[in-house]
Amino acid sequence: MSLDHLPTPCLLLDLPILKRNIARMAAAVARHPGVQLRPHIKTAKSAAVAELAAPGGGPITVSTLAEARYFATHGFRDQVYAVGITPSKLGAVAALNAEGARIKIITDDLETAQAIAAHPGRLPTLIEVDIGEGRAGVAPDGEALLAIGAALGAKLAGVLSHSGHSYAGRSEAAMAELAEIERAGIVLAATRLREAGHVVGVVSAGASPTALYAANLEGVTEMRAGVYMMGDLLQAQLGVHPLEDIAVTVLTSVTGRYPARNAVLVDAGALALSKDRSTEAAPRDWKFGRVLDAAGQPSLGDAMVVRVHQEHGEVRAAEGGTLPLERLRVGARLRIAPNHVCLTAAAHPHYHVLDEAGRVVAVWDRVNFW
């Protein structure tokens with residue numbers, strides 16, 4: 001099937017690029033003996049993608065109960081559910097584990113740890129540790145860490161951190177430095193728990209930039225990273241992958257031409273692209289997405305989506321440039337590379353998978369919602 005037969009807007013997944021991105025990260029983590037890559041599938045949300053990133057059924061990381069159920073059903077039993085658990089969800093996780101899954105949960109809350117310990121189900125738990133992101137987690141050198149460890153008792157499985165603040169890095173050296181800060185912090189947490197008499201088997205860390213550029217992972221047992229598979233404009237500017245290695249794009253159609261302002265409208269708006277402006281503070285601001293031709297090539301120069309409404313996107317050339325309006329008649333197909341692929345992909349039910357010739361060779365489902 002060719003792109004001309006697809007409804008727009010829709011999500012495209014370039015399979016050769018996906019495989020290239022997966023191989024790049026696998027090689028980076030393989031540099032560290034004893035460290036396992038546990039891909040985060042919260043972006044891909046697809047069993048077909050997970051099979052490429054974690055062959056043979058895992059291990060993987062998930063972020064919703066819907067993902068946990070879906071991937072367990074597809075044979076991915078070894079999971080970390082990497083969002084702070086609430087007591088109301090303990091029964092659902094325990095039920096999945098009773099059916100053969102091996103899902104670890106996380107918490108940074110003493111009362112929740114007490115509820116986990118009191119629950120009769122199998123609920124191996126990681127204590128979330130904050131090593132600088134400031135989103136969630138307890139301090140690696142604080143008393144809360146030891147209190148939660150004591151409350152969990154035999155259900156304590158290890159510690160977990162996330163270096164999401166590495167996305168503020170703008171060089172390989174900066175991201176390697178943040179990776180070392182995370183490593184030192186999470187290993188300190190594990191050491192303190194062990195000194196208090198606890199068994200700490202899992203020391204889980206990571207984000208795509210730090211997983212790729214970490215120089216030393218001594219004491220870490222696994223690295224979690226996810227967005228590297230699909231890539232996006234922000235990841236490209238962080239050096240996680242080249243600009244041309246964005247595997248996911250949104251196929252869209254021109255719906256109007258406006259020579260007076262040298263612009264076209266397309267049928268991919270805020271709902272198809274998201275309103276994320278994650279590149280706004282980056283070296284290059286792509287507004288709401290970089291615009292490519294139907295073959296995925298930058299033949300329109302540095303065209304971008306400069307404005308979005310619910311179902312409209314306005315495309316203009318970069319400052320000082322002009323769009324070739326003679327090529328952009330109503331109905332013409334374009335592709336848009338996203339700023340933040342996680343949010344863009346979440347608007348779509350499946351991927352139209354492209355081979356090296358740009359042909360649609362498969363449709364892969366996604367599990368959305370919670």
My understanding is that only residues two or more places apart in sequence, or in another chain, count here; which of them pass side chain to side chain contact (heavy atoms under 4.5 Å, CB included) with [X]?
X      : result
Ala48  : Ser46, Trp364
Thr252 : Val266, Asp267, Ala268, Leu334, Ile336
Pro349 : none
His32  : Val35, Ala214, Leu217

Under a 4.5 Å side-chain heavy-atom rule over Ile, Leu, Val, Met, Phe, Trp and Tyr, are [X] and [Y] clustered together?
X      : Y      : value
Val200 : Leu126 : no
Val220 : Ile106 : no
Leu11  : Val308 : yes
Phe288 : Val248 : yes
Phe76  : Leu65  : yes

Distance from [X] atom [atom1] to [Y] atom [atom2], nearest 0.5 Å?
X      : Y      : atom1 : atom2 : value
Arg38  : Ile60  : CZ    : CD1   : 8.5 Å
Leu193 : Leu146 : CG    : CG    : 6.0 Å
Asn368 : His350 : CG    : NE2   : 10.5 Å
Thr249 : Arg335 : OG1   : CZ    : 3.5 Å
His352 : Leu354 : NE2   : CG    : 9.5 Å
Leu145 : Asp130 : CG    : CG    : 12.0 Å

*Got a sec, which pairs hit salt bridge (charged side-chain N to carboxylate O under 4.0 Å, His left out) with one end in residues 231-251, sequence neighbours left out?*
Arg20-Asp245, Arg24-Asp245
*salt bridge (charged side-chain N to carboxylate O under 4.0 Å, His left out): pairs with one or both residues in residues 361-370, sequence neighbours excluded*: none
Flag the pair [X] / [Y] as yes when at least one side-chain heavy-atom distance between them is below 4.5 Å, and no otherwise.
X      : Y      : value
Cys342 : Val227 : yes
Arg69  : Leu96  : yes
Val360 : His5   : no
Leu323 : Val291 : no
Val129 : Leu188 : no
Asp276 : Thr344 : no
Leu233 : Ser278 : no
Thr61  : Lys42  : no

_Pair Ile17-His241, side chain to side chain contact (heavy atoms under 4.5 Å, CB included): steps then yes or no_ = CA-CA 10 Å; Ile17 296 176; His241 56 76; over 6 Å; no
Donor-acceptor pair, side chain of [X] and main chain of [Y], under 3.5 angstrom:
X      : Y      : value
Tyr213 : Gly239 : yes
Glu67  : Ser63  : yes
Tyr351 : Ala44  : yes
Asn97  : Ile103 : yes
Thr107 : Ile85  : no

Least distance between heavy atoms, [X] atom then [Y] atom:
X      : Y      : result
Arg102 : Asp78  : NH2-CB, 3.4 Å
Ala294 : Leu3   : O-CD1, 3.2 Å
Asn339 : Arg277 : ND2-CA, 4.1 Å
Leu238 : Pro209 : CD1-CG, 4.0 Å
Leu234 : Ala282 : CD1-CB, 4.4 Å
Ala211 : Val29  : O-CG2, 4.2 Å

*Audit row: Met229, Val341, side chain to side chain contact (heavy atoms under 4.5 Å, CB included) steps and yes/no*: CA-CA 10 Å; Met229 299 175 216; Val341 66; over 6 Å; no
*Counterpart residues, salt bridge (Lys or Arg N to Asp or Glu O under 4.0 Å), relative to Glu311 (two or more places apart)*: none
Applying side chain to side chain donor-acceptor pair (under 3.5 Å), which residue pairs with at least one partner in [range] are found, sequence neighbours left out?
range            : result
residues 187-202 : none
residues 133-160 : none
residues 112-128 : Asp109-Thr112
residues 176-190 : Ser161-Glu182, Ser163-Glu182, Glu180-Arg183

Between side-chain atoms of residues 300-307 and protein atoms elsewhere (two or more places apart, or another chain), which donor-acceptor pairs fall under 3.5 Å?
from	atom 1	to	atom 2	distance (Å)
Asp302	OD2	Arg284	NH1	3.3
Arg307	NE	Glu314	OE1	3.0
Arg307	NH2	Glu314	OE1	2.4

*Show your reasoning for whether side chain to side chain contact (heavy atoms under 4.5 Å, CB included) applies to Gln235 and Ser208.*
CA-CA 8 Å; Gln235 295 295 317; Ser208 287; 3.8 Å; yes
*Answer with yes or no whether the side chains of Arg333 and Thr8 bring together a donor and an acceptor at under 3.5 Å.*
no
*Applying side chain to side chain contact (heavy atoms under 4.5 Å, CB included), run through Val367 and Thr64 and close with a yes or a no.*
CA-CA 10 Å; Val367 55; Thr64 69; 6.0 Å; no
*On the 0 to 90° scale, with breaks at 30° and 60°, tag the His309-His312 ring pair as parallel, tilted or perpendicular.*
perpendicular
